Amino acid sequence: MSSDQDPNLLANDDLNTVESLPMGGEEIDHAPVDTPAGVRALPDLALFGAQPAFDEMVHVGRPNMPNKRDFMERMDRMLDSGRLTNNGPMVGEFEDRVARISGVRDCVATCNGTVALELAIRALDMVGEVIVPSFTFVATVHSLWRQGIRPVFCDIDPVSHVLDVESVRSAITDRTTGILAVSLWGNDGRMEDLKCLADERGLRLLVDSAHSFGCGEMRPVAQGLCDAEVFSFHATKCVHAIEGGAIITDDDRLASKLRLMVNFGFAGEDLVQHTGTNGKMTEASAAMGLTSLEAMEEIFAHNRRNYFAYGRELAKIPGIRLMHRDRNEVQNFHYIVTEVDPDVVGIRRDDIVSALRLENIAARRYFHPGCHRMKPYSGLFPRAGLSLPNTERLSDRIMVLPNGLSMDDESIRRVTRRIAEIVAAPAQVRAGLERCTDPRHVRFEN
Ligand code: T4K
């Protein structure tokens, strides 16, 4: 069945033709490995005693290290100036650059993405019920619940993995005050339709763009398609500030309010105007953020090359599909998102992830099992899953692979070769995992 017929299969067919330079790697034979005597040989995997693919664990979120000299120069300047935090000059410079890159007027930097979400939700006066995908990092949903707002989980589109507009439409009640969309993996989806729906029903529209810094020609805020967006600059993100976040908006009044709220609500010495918090970014984080921004183009280009390298190798493995990216797409290519079809590969995603861990490859089950199946939401909304078929299906199938500056063609070949070994001998791998006593073996319990 082609990806045209089944939207649940992610189309990567064109990766065979796009930039399809031969990699010089060996072809993978998917037939079970038989010795001349007819005795099946064990796959070449650490599970069966082979040398692990890597000496040290490779990660999805290994931080992209900045130019050390430039970072240290900034740290020197910070120490010499005596200004460590509270809206210092480097934070101001960081905000200006993020706003310019995103094509918007205002950016308010924060200590992390989660606090940025909490601030934006409060500043937009969201209360009661807010519509949100379950298929996201749990911080998205916590940021509502921690403020006494009921998250109403909606399903996602099976191809882009972002909110399904029809699912949102059917979930709106007279208690709904907003939509918290998530630009997952840098995908914005049908933002125009979501914006129309929000306007029609008088709802606020906030986008959790934690994954999406640098994605798209213009961010949704710049296109007038939402009230605000939130970025994460956590160490595991492609551009990072060790810990950091930001809210971008073209609404000057909202930006002014956020500027007060990020600093306890102070409008002047001893004058408080809003319920605020301490959400400020430090100068040390901004020093890292600025240095990381200077490497942004190099990081994106590297990730892009890696994405196509993964595409060429994964195209040889039936049943493992790489999320499609158009070659002209403006993307940070940070997350290498694959979908495992257990009916084709004969083994569950979780077993593949377990076997890879023994190879020192930390593939991730992002975002398993979906927030609606996590505490406290699973107890509060036990029937939520009934309306989330795509979420539940994808959360059992998605496997995210390591990327970033620490990965290259050769390491990608090592990762994909081990995946190919696993799916070439599913029964042996399953049996091997059952018997495995290696202390590094991860048995997933959910
Ligand atoms: N909304 C969405 C959609 C998000 O994805 C996130 C965060 C947020 C909101 C909230 O933004 P922040 O408040 O975090 O700014 C990681 C990150 O902690 C989190 O920022 C990110 N999303 C999420 C997708 O991934 P974990 O728990 O999966 O990461 P962790 O600690 O296992 O790190 C991954 C691996 O990277 C580690 O096992 C080892 C390696 N690593 C990590 C760090 C931090 C290093 O080698 N060095 C390091 O310093 O959550």
Side-chain angles (χ1 to χ4, degrees), residues 54 56-66 71 94 98 108-121 130 132-146 151 153 156 160-163 180-189 206-213 215 228-248 262 277 279-282 284-286 288-289 292 332 334-337 353 356-357 360-371 374 391 395 398-407 440 442 444:
F54 295 89
E56 287 182 12
M57 196 67 83
V58 290
H59 292 283
V60 171
R62 170 76 71 208
N64 292 320
M65 289 306 171
F71 175 64
F94 182 72
V98 169
V108 179
T110 60
C111 54
N112 59 52
T114 306
V115 166
L117 280 170
E118 291 185 2
L119 284 166
I121 288 163
V130 168
V132 67
S134 167
F135 195 62
T136 179
F137 190 58
V138 71
T140 316
V141 180
H142 283 341
S143 63
L144 294 168
W145 185 249
R146 279 168 45 78
F153 294 115
I156 47 168
S160 62
H161 301 181
V162 303
L163 269 181
L180 174 46
V182 178
S183 170
L184 207 75
W185 326 126
N187 294 339
D188 290 320
L206 173 65
V207 183
D208 176 347
S209 296
H211 298 180
S212 307
F213 179 67
C215 293
E229 279 179 80
V230 163
F231 293 132
S232 166
F233 294 106
H234 184 258
T236 53
K237 297 290 184 291
C238 47
V239 171
H240 73 92
I242 305 176
E243 288 274 3
I247 306 155
I248 55 167
V262 78
T277 187
K280 297 173 297 255
M281 178 179 271
T282 67
S285 276
M288 179 60 90
S292 188
N332 58 35
H334 182 56
Y335 289 106
I336 302 293
V337 183
V353 173
L356 288 176
R357 242 5 112 76
N360 286 328
I361 299 166
R364 297 297 297 258
R365 307 188 300 162
Y366 288 143
F367 287 101
H368 185 87
C371 297
M374 291 178 180
T391 300
S395 78
I398 296 299
M399 175 171 74
V400 180
L401 299 174
N403 198 12
L405 294 181
S406 58
M407 297 298 291
R440 294 171 312 136
V442 185
F444 294 109

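Heads up: numbering here begins at 1 and tracks the sequence. All figures in this text were calculated on a predicted structure; none of them were measured in a lab. Atoms within a ligand are numbered from 1 in the order they appear, just like the ligands themselves. The analysis underlying the following values was restricted to heavy atoms, covering all of them including side chains, and did not include hydrogens, waters or symmetry mates.
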Nearest-neighbour protein heavy atom for [atom], which is reported as residue plus atom name and distance:
atom: atom 6 (C) of ligand 1; value: Phe137 CD2, 3.3 Å
atom: atom 29 (O) of ligand 1; value: Tyr366 OH, 4.0 Å
atom: atom 2 (C) of ligand 1; value: Ala210 CB, 3.4 Å
atom: atom 5 (O) of ligand 1; value: His211 NE2, 2.8 Å
atom: atom 18 (O) of ligand 1; value: His234 CE1, 3.1 Å
atom: atom 33 (O) of ligand 1; value: Thr236 CG2, 3.6 Å

Any sub-3.5 Å donor-acceptor pair from [X]'s side-chain atoms to [Y]'s backbone N or O?
X: Ser209; Y: Phe231; answer: no
X: Asn187; Y: Ser160; answer: yes
X: Ser292; Y: His240; answer: yes
X: Asn332; Y: Phe213; answer: yes

Pick, from [options], the option with the minimum heavy-atom distance to [atom].
atom: atom 1 (N) of ligand 1; options: Thr114, Ile242, Leu184, Asp208; value: Asp208
atom: atom 22 (N) of ligand 1; options: Glu118, His334, Lys237; value: Lys237
atom: atom 12 (P) of ligand 1; options: Gly113, Gly244, Gly245; value: Gly113
atom: atom 37 (C) of ligand 1; options: His59, Met65, His142, Glu56; value: His59

Min heavy-atom dist [X] to ligand 1 below 4.0 Å:
X: Pro63; result: yes
X: Arg364; result: yes
X: Phe233; result: no

* **Sub-4.0 Å protein heavy atom near atom 20 (O) of ligand 1** => yes
Minimum heavy-atom distance between [X] and [Y], given as atom pair plus value:
X: Tyr366; Y: Val60; value: CE1-CG1, 4.1 Å
X: Pro151; Y: Leu144; value: CB-CD1, 4.2 Å
X: Ile398; Y: Val400; value: CG2-CG2, 4.1 Å
X: Lys237; Y: Asn64; value: O-ND2, 4.4 Å

I'd like to check whether [X] has a polar contact with ligand 1, where a contact means an N/O of the residue lying under 3.5 Å from an N/O of the ligand.
X: Thr136; result: no
X: Ala235; result: no
X: Glu243; result: no

Which atoms of ligand 1 sit under 4.0 Å from any heavy atom of [X]?
X: Ser232; value: 11 (O), 12 (P), 15 (O)
X: Asn112; value: 13 (O), 15 (O)
X: Arg62; value: 36 (O), 45 (C), 46 (O)

* To do: Using a 4.0 Å heavy-atom threshold (strictly under), name the region of Met57 that reaches ligand 1: side chain, backbone, both or neither.
  => neither
Do [X] and [Y] make a side-chain contact, defined as non-hydrogen atoms from C-beta onward lying under 4.5 Å apart?
X: Ser183; Y: His211; value: no
X: Leu180; Y: Leu117; value: yes
X: Ser395; Y: Phe135; value: yes

* Asked: Say you draw a straight line from CD1 of Ile247 to OG1 of Thr110; how long is it, rounded to the nearest 0.5 Å?
  -> 6.0 Å
* Asked: Heavy-atom count around Arg440 CZ within 6.0 Å, excluding the residue itself: above 12?
  -> yes
